[in-house]
Protein chains: 2
Amino acid sequence: MPTQPATALDHTLIALADPTRRAILRRLAQGEARVTELAEPFAISLNSVSKHIRLLERAELVVRERRGREHILRFRPEPLIGARDWIDRQQKFWKQGLEALDAVLAAETDKETRNDRQD
Amino acid sequence: MPTQPATALDHTLIALADPTRRAILRRLAQGEARVTELAEPFAISLNSVSKHIRLLERAELVVRERRGREHILRFRPEPLIGARDWIDRQQKFWKQGLEALDAVLAAETDKETRNDRQD
DNA sequence: GCTTCATTCACCCTAAAGGATGAATATCAT
DNA sequence: ATGATATTCATCCTTTAGGGTGAATGAAGC
């Protein structure tokens, strides 16, 4: 049992956390492709690629259009925004944390300075 | 057997792909903390948190300093840069792909236009 | 010394990822 | 109708993630 249900951000980051899937996305960023075309560069089975695509679909990084017997995959960039935003916020929080720490250290120094004056 | 050995980027994205670990990082962005402090907000066992921290260390998103019997964890933002860069590059590639597609469509339209003129 | 506290180690369990293969399905071509 | 092509479905296997518990380690405190 998962403690919390998986969110869209979870699905996005899970999807990005595999090199095969990232390679598939890079390929799709340059234009739509069929499953077989996507599988071609990899040493793994077509079936494994099919599963990778399913995870990319779950993350909505890829959409599928059935055109007769072939499935056309297209890249969708939207989920990347959420991932990028999380990273940016994290970095921002960290810088704020540093500033807060600096403020504390400055206050300490100031107090010491004042103490020095009182001595 | 993994087809390819895991890279730093793999480790980073794997580490980010869990909500508990992201919460730990958010906490650490505001300042260092001990394992027990990090575990406190979560309903899971101290042991599970300890394992999450190990994955964060593997990704070098966190460093540990043993201070007597307690372990002080600190956030390290560097690996986030690699993750952000991947996302940015992906988005850039996609926009370039769109421009290339536009160019093709423009050429098509141009050809049709010229054909129209010839008609 | 002994006890308490902080953390990990050694297991165990379950679910999911990542891979494989072989059969099924659906479409296209003849 | 037959055969080839594109893709998934149904299994199976192995590894890892994510959770748990209880024991072991190591440092503090008394």
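Every chain is numbered from 1, with letters handed out A, B, ... down the list of sequences. Only this structure's heavy atoms are used, side chains among them; waters, hydrogens and symmetry mates stay out.
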Problem set entry | Residues A/E37, A/R34: salt bridge by 4.0 Å N-O rule | yes

For this session: Determine whether more than 12 heavy atoms belonging to other residues, nucleotides or ligands lie under 6.0 Å from atom CD of B/E60.
Result: no

For this session: Report the distance from atom CG of B/D18 to atom C1' of D/dT16, rounded to the nearest whole Å.
Result: 13 Å

Problem set entry | Side-chain N or O of A/R54 closer than 4.0 Å to phosphate OP1/OP2 of D/dC9 | yes

For this session: Evaluate the salt bridge (charged side-chain N to carboxylate O under 4.0 Å, His left out) criterion for residues B/D88 and B/R84: first the C-alpha distance (whole Å), next the side-chain angles of each, then the deciding distance (0.1 Å), finally the verdict.
Result: CA-CA 6 Å; B/D88 286 349; B/R84 233 194 83 128; 3.5 Å; yes

For this session: Would you indicate which nucleotide in D/dA6, D/dG18, D/dG20 comes nearest to any side-chain atom of B/S48?
Result: D/dG20

For this session: With sequence neighbours excluded, tell me which residues meet side chain to side chain donor-acceptor pair (under 3.5 Å) with A/R76.
Result: A/E78

Problem set entry | Interface residues of residues 35-43 of chain A with DNA chain D (non-hydrogen, below 4.0 angstrom) | A/V35, A/T36

If you restrict it to nitrogen or oxygen atoms, what contacts under 3.5 Å exist between nucleotides 22-25 of chain C and the protein, and what is each distance?
| from | atom 1 | to | atom 2 | distance (Å) |
| --- | --- | --- | --- | --- |
| C/dG22 | O6 | A/N47 | ND2 | 2.6 |

Problem set entry | Side-chain N or O of B/H52 closer than 4.0 Å to phosphate OP1/OP2 of D/dA17 | no

Counting only pairs under 3.5 Å, give me each side-chain donor-acceptor contact of residues 11-19 of chain B, with atom names and distances, residues two or more places apart or in other chains.
| from | atom 1 | to | atom 2 | distance (Å) |
| --- | --- | --- | --- | --- |
| B/T12 | OG1 | B/A8 | O | 2.9 |
| B/D18 | OD2 | B/T20 | N | 2.9 |
| B/D18 | OD2 | B/R21 | N | 3.1 |

Exercise. Just by distance, do the side chain of A/R27 and the backbone of A/G31 share a donor-acceptor pair under 3.5 Å?
Worked result: yes

For this session: Give the rounded distance in Å between these two atoms: CD1 of A/I53 and P of C/dA17.
Result: 16 Å

Exercise. Expressed in angstrom and rounded to an integer, what is the separation of A/Q4 atom CD from D/dG18 atom P?
Worked result: 12 Å

Problem set entry | A/S45, nearest nucleotide to its side chain (from D/dA17, D/dG20, C/dA20) | C/dA20

Exercise. With respect to the side chain of A/R21, which nucleotide from C/dG18, C/dC9, D/dA17 is positioned closest?
Worked result: C/dG18

Seminar exercise, completed: What one should report as the nearest heavy-atom pair of B/Q90 and A/L25 is NE2-O, 2.9 Å

Exercise. Expressed in angstrom and rounded to an integer, what is the separation of B/L13 atom CG from C/dG18 atom P?
Worked result: 12 Å

Exercise. Does A/R66 place a side-chain N or O at less than 4.0 Å from the phosphate oxygens OP1/OP2 of D/dT7?
Worked result: no

Exercise. Distance from B/F75 atom CZ to B/L56 atom CG, nearest 0.5 Å?
Worked result: 10.0 Å

Exercise. With hydrophobic residues grouped by side-chain heavy-atom distances under 4.5 Å, do A/L55 and A/L73 end up in a single group?
Worked result: no

Exercise. In terms of side-chain heavy atoms, does B/N47 have a donor or acceptor partner in B/S50 at a distance below 3.5 Å?
Worked result: no

Problem set entry | N/O donor-acceptor pair under 3.5 Å between A/D85 side chain and A/G82 backbone | no

Seminar exercise, completed: In whole angstroms, the gap separating C1' of C/dA15 from CG of A/L55 amounts to 14 Å

Exercise. For the pair made of CD in B/E65 and C1' in C/dA6, what is the distance, rounded to whole Å?
Worked result: 15 Å

Problem set entry | Separation of atom NE2 in A/H71 from atom P in D/dA6, rounded to whole Å | 12 Å

Seminar exercise, completed: Contacts of A/R54 meeting side-chain contact (heavy atoms from CB on, under 4.5 Å) (sequence neighbours excluded), chain-then-number -> A/K51, A/E57

Problem set entry | Contact nearer the 5' end of DNA chain D, comparing A/I72 with A/K51 | A/I72

For this session: Under 4.0 Å between any heavy atoms, over every strand shown, what does A/L46 touch: base, sugar-phosphate, or nothing? Just pick one.
Result: base

Exercise. What's the CD1-P distance between A/I24 and D/dT7, to the nearest Å?
Worked result: 13 Å

For this session: Can you check each nucleotide of nucleotides 25-30 of chain D against protein heavy atoms at under 4.0 Å and return B for base, S for sugar-phosphate only, - for none, in 5' to 3' order?
Result: -BBS--

